Participant: 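Handing you this structure, nothing more for now.
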Amino acid sequence: MPFLLAAIKKDLRRLGRDPLALAISFGIPLVIVTLITLVFGGGQSAPQGRLLVADEDGTLLSQALTSAFSREPLSKMLVLETTGREEGRRRMDRGDASALLIVPKGFQEAFLQNQPAQLQLVTNPAQEILPNIVEETLSIVVDGGFYLQRQAAIPLRAIAAEKTPSDDTVARVSVALNRLGRSLTKYLNPPLIDLELHVAAAKRENQNVAALFLPAMLFMGLLFVANAHALDIWKEQSWGTLRRLATTPVSMGALLGGRVISLAVILSGLALVGVAGMRWFAHVAVASVSLATLWVVLSGTAFYLFLVTIAVHAPGPRAANVIGNLVVFPLSLVGGSFFPFEMMPDWMASIGRLTPNGWAVTEFKAFVAGSAHMQDLLAGAAFMAAVGTLLFLWTSRRMRKLV
Amino acid sequence: MAVDSVSFAAHPGEIFGLLGPNGAGKTTTIGCISGLLTPSAGRVKVMGHDVVREGTAARAKLGVVPQEIALYEDLSAHENLAYWGGAQGMRNSRLRERIQQVLELTGLQDRTREPVKQFSGGMKRRLNFACGILHSPKVLLLDEPTVGVDPQSRVRLLDLVRGEARSGTCVLYTTHYMEEAEALCDHLAIMDHGKVIAAGTLAELRSMLGERDLLRLTGVFAPQSARAAMQQMDAEILQVDESLLLLSLAGASQKLPAIFAALAGVGADVRGTTLTQPSLESLFIKLTGKELRE
């Protein structure tokens with residue numbers, strides 16, 4: 001125990017005396033995000049989001065309903081993606097999309113029979129603009145459906161009454177609808193209400209972009225800090241301190257433990273600043289600052305154990321540096337730490353979510369969105385602790401070979 | 001094999017020297033004692049603890065001052081000592097007091113808060129030493145601690161080593177500087193090619209050489225005729241080839257004119273002469289036919 005405390009103090013002092021390294025580790029992602037924000041968030045282009053549709057009815061009416069979102073101008077803002085109810089909910093929990101629309105089975109039948117039908121819309125609380133647009137649009141479509149039901153109930157029921165409508169029925173319904181349309185022409189053409197749609201002010205767009213990019217930036221910074229700390233083991237090797245430690249009664253595990261704990265302490269500070277910054281400076285809705293911060297610390301510590309395991313297997317410090325970067329940069333690119341998954345093609349995002357940082361950043365967004373709770377944190381922590389323990393034991397053994 | 005059948009015992013309060021040229025196996029021997037290397041055969045015991053089977057207990061009795069400076073350059077002297085004291089299980093007032101003592105002992109008490117990277121080579125060597133003795137070890141392993149040290153720091157370090165021995169510590173000191181070994185060590189083992197080629201007290205080792213001087217002649221020789229000529233001079237021929245003749249003989253300085261004359265008589269051309277009085281160096285040369293620093 002005296003040594004563990006001494007090792008923690010030593011690493012905290014060393015980390016604290018090199019603030020530039022920490023600043024660079026988080027500075028690079030900040031520069032990248034700033035540039036991307038300027039490119040994607042600085043103009044008047046509409047924000048891009050994803051609408052998941054679980055169409056369990058699969059009828060003409062349900063398709064007509066969802067097609068409302070695939071017409072301009074909404075098609076410029078939203079990418080429609082068909083999915084199942086459960087898969088859609090899982091993806092919403094991960095913060096993958098702006099909203100999920102569930103059209104239940106029997107929707108058309110209920111509509112035509114003037115029976116109650118319930119559409120379910122799940123929105124992403126981490127986003128501000130697009131979920132509102134989806135909600136408003138759906139509300140308008142539902143209102144339109146109500147009036148259609150009132151005005152054209154008889155012909156519509158005629159169709160519903162027959163499983164396969166005859167030519168006569170179709171002709172009668174068409175004539176009825178045509179008359180209805182002509183009777184409404186004076187209201188519809190020219191429109192009595194001229195609605196002009198303005199995309200929200202640039203400030204709000206930037207907020208959305210910040211929500212998209214800040215988690216990515218935070219996790220890229222984590223990877224960089226963890227990698228720098230992992231490579232530091234080779235500095236200990238070159239200074240001979242690792243060899244000297246091997247002549248004392250303490251184990252390499254104690255040294256590694258001290259390094260892990262000191263990094264966790266540093267990351268706690270950085271994570272708190274990062275998450276609080278997201279909430280209070282970038283105005284990203286963060287459901288739980290404490291859970292999100294804890295998750296960042298756990299993730300960063302796990303990244304460190306992963307990267308130090310790689311570092312101690314390198315034949316030398318230079319090779320460790322090269323291998324570390326060869327691991328960190330592709331992981332950053334694919335794992336959503338460089339470009340958010342929302343900007344990636346689906347196939348790449350699917351692969352990216354399987355990477356350690358991809359999984360961690362997805363879970364982090366869930367903590368930010370409030371769709372993940374303490375039990376999710378505990379489950380994730382248990383998984384990381386299990387993997388981390390294996391890596392810890394393996395690396396401790398391997399460090400003997402560096403002396 | 002780096003070392004082969006090396007066997008010796010060192011006792012509390014004595015300075016045991018391992019003397020030998022670079023690559024003789026001194027550091028490997030230290031590595032086996034300190035637990036850095038596992039011997040393929042044989043046993044090493046420190047204060048009764050087998051270093052392989054009771055490694056932790058054995059290492060708790062050891063203090064090691066490695067050949068290379070092993071310090072955190074970005075930490076201060078005080079912080080380095082606190083860390084290495086922690087590695088030896090020290091803490092609180094005992095650690096604080098001992099840090100103060102060793103800083104004064106090594107003359108670093110005025111530079112305790114400076115980062116080590118700002119220290120001179122000699123100061124780093126002294127701090128390296130201080131980290132090894134901080135926990136008052138029963139056995140102190142010093143692996144060439146004066147390499148690259150200025151003369152002033154060297155004298156100070158040697159005084160510190162003597163002080164440790166006086167306090168009852170068993171000191172194992174490796175060096176390739178004979179004069180250091182002669183001045184410091186109570187017992188010595190001379191190593192070459194991984195083997196102990198001679199061992200004993202300084203007096204015992206000197207007696208192996210007798211009162212005979214070592215005469216080293218360089219030039220051009222015909223080995224057969226040079227050997228025949230020297231047989232008349234009561235000289236032991238240690239080595240002879242076309243360019244070197246190495247002799248061990250008593251009163252060599254008085255016999256030099258006769259030796260030159262005898263060699264000239266058989267056509268030898270002597271271009272250089274080195275006469276060495278009995279010392280560890282001459283013993284090493286006698287035993288191995290080469291100089292210690294080769």
Side-chain angles (χ1 to χ4, degrees), chain A residues 1-24 228-229 231-263 266 316-317 396-403, chain B residues 27 30-38 46 49 51 54-76 78-92 94-95 99 113 115-117 124 127-128 131-132 134-135 137 139-141 143:
Chain A
M1 191 54 82
F3 176 68
L4 188 63
L5 288 175
I8 293 168
K9 276 187 198 170
K10 178 260 293 180
D11 283 320
L12 284 176
R13 281 179 179 133
R14 292 191 55 227
L15 283 165
R17 274 180 205 162
D18 196 6
L20 191 63
L22 283 174
I24 289 171
H229 198 53
L231 293 174
D232 188 68
I233 201 78
W234 280 100
K235 216 178 251 184
E236 292 237 18
Q237 195 268 352
S238 69
W239 283 345
T241 48
L242 218 50
R243 189 176 172 83
R244 183 171 215 157
L245 191 74
T247 68
T248 68
V250 297
S251 66
M252 288 292 165
L255 175 80
L256 187 60
R259 295 180 74 88
V260 169
I261 294 170
S262 57
L263 180 70
I266 294 282
S396 303
R397 266 178 79 89
R398 181 74 191 181
M399 278 163 70
R400 285 283 308 177
K401 291 192 187 292
L402 298 188
V403 301
Chain B
T27 299
I30 292 271
C32 290
I33 298 169
S34 60
L36 287 172
L37 301 168
T38 306
V46 175
H49 299 289
V51 297
E54 304 164 88
T56 306
R59 288 195 296 274
K61 307 285 182 194
L62 275 180
V64 179
V65 179
Q67 187 173 350
E68 304 298 332
I69 290 167
L71 300 169
Y72 290 96
E73 298 259 328
D74 44 5
L75 297 184
S76 69
H78 192 279
E79 288 162 349
N80 267 285
L81 287 165
Y83 173 74
W84 292 112
Q88 293 292 349
M90 300 171 77
R91 57 180 166 171
N92 302 335
R94 187 185 158 222
L95 178 61
I99 287 175
R113 305 286 164 190
V116 169
K117 61 186 165 199
K124 285 180 185 173
L127 181 60
N128 202 35
C131 291
L134 183 70
H135 59 296
V139 178
L140 181 61
L141 307 182
D143 193 7

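Just so we're clear, the structure is a prediction, and the values are computed from it rather than from any experiment.
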Participant: Select one option (side chain, backbone, both, neither) describing which atoms of A:Arg400 are under 4.5 Å from chain B's heavy atoms.
Facilitator: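 Side chain of A:Arg400 only, per the 4.5 Å heavy-atom cut-off to chain B.
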Participant: Which word best sums up how the rings of A:Phe3 and B:Tyr83 line up, parallel for under 30°, tilted for 30 to 60°, or perpendicular for over 60°?
Facilitator: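 Ring orientation of A:Phe3 relative to B:Tyr83: tilted.
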Participant: Can you tell me which residue among A:Arg13, A:Lys235, A:Arg14, A:Lys10 is in a side-chain contact (heavy atoms from CB on, under 4.5 Å) with B:Asp74?
Facilitator: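 Of the listed residues A:Arg13, A:Lys235, A:Arg14, A:Lys10, the side-chain contact (heavy atoms from CB on, under 4.5 Å) partner of B:Asp74 is A:Arg14.
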Participant: Could you look at B:Leu71 and say if it's the side chain, the backbone, both or neither that has a heavy atom under 4.5 Å from chain A?
Facilitator: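 B:Leu71 touches chain A through backbone and side-chain heavy atoms alike.
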Participant: Can you check whether B:Ile69 reaches A:Trp239 side chain to side chain, under 4.5 Å on heavy atoms?
Facilitator: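 The answer is no; the side chains never approach within 4.5 Å.
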Participant: For the side chain of A:Arg244 and the backbone of B:Val64, is there at least one donor-acceptor N/O pair under 3.5 Å apart?
Facilitator: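 Confirmed, A:Arg244 side chain pairs with B:Val64 backbone.
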Participant: So for B:Asp143, is it side chain, backbone, both, or neither that comes closer than 4.5 Å to the heavy atoms of chain A?
Facilitator: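 For B:Asp143, there is no contact with chain A at all, as no heavy atom is under 4.5 Å.
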Participant: Non-hydrogen atoms of chain B under 4.5 Å away: do they reach the side chain of A:Arg17, the backbone, both or neither?
Facilitator: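 Just the side chain, heavy atoms under 4.5 Å.
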Participant: Select one option (side chain, backbone, both, neither) describing which atoms of A:Ala254 are under 4.5 Å from chain B's heavy atoms.
Facilitator: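 Contact with chain B: none, neither part.
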Participant: Compare every heavy atom of B:Ala87 with every heavy atom of A:Thr248, then report the nearest pair and how far apart it is.
Facilitator: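 Looks like CB-O, 4.0 Å.
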Participant: Report the option among B:Glu79, B:Glu68, B:Glu73 that has the most heavy-atom pairs separated by less than 4.5 Å from atoms of chain A.
Facilitator: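 Most heavy-atom pairs under 4.5 Å with chain A: B:Glu79.
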Participant: Between A:Leu255 and chain B, which part of the residue has a heavy atom less than 4.5 Å away: side chain, backbone, both or neither?
Facilitator: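 For A:Leu255, the side chain is the part near chain B, not the backbone.
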Participant: Closest approach of B:Ala60 and A:Pro249, non-hydrogen atoms and distance?
Facilitator: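 What the structure gives for the nearest pair is CA-CG, 3.6 Å.
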Participant: Working to the nearest 0.5 angstrom, can you tell me the gap between A:Thr247 OG1 and B:Gln88 CD?
Facilitator: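 That separation rounds to 7.0 Å.
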Participant: What closest approach, in Å, do B:Ala82 and A:Ala6 show between heavy atoms, and which atom pair accounts for it?
Facilitator: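 That closest heavy-atom pairing would be O-CB, 4.3 Å.
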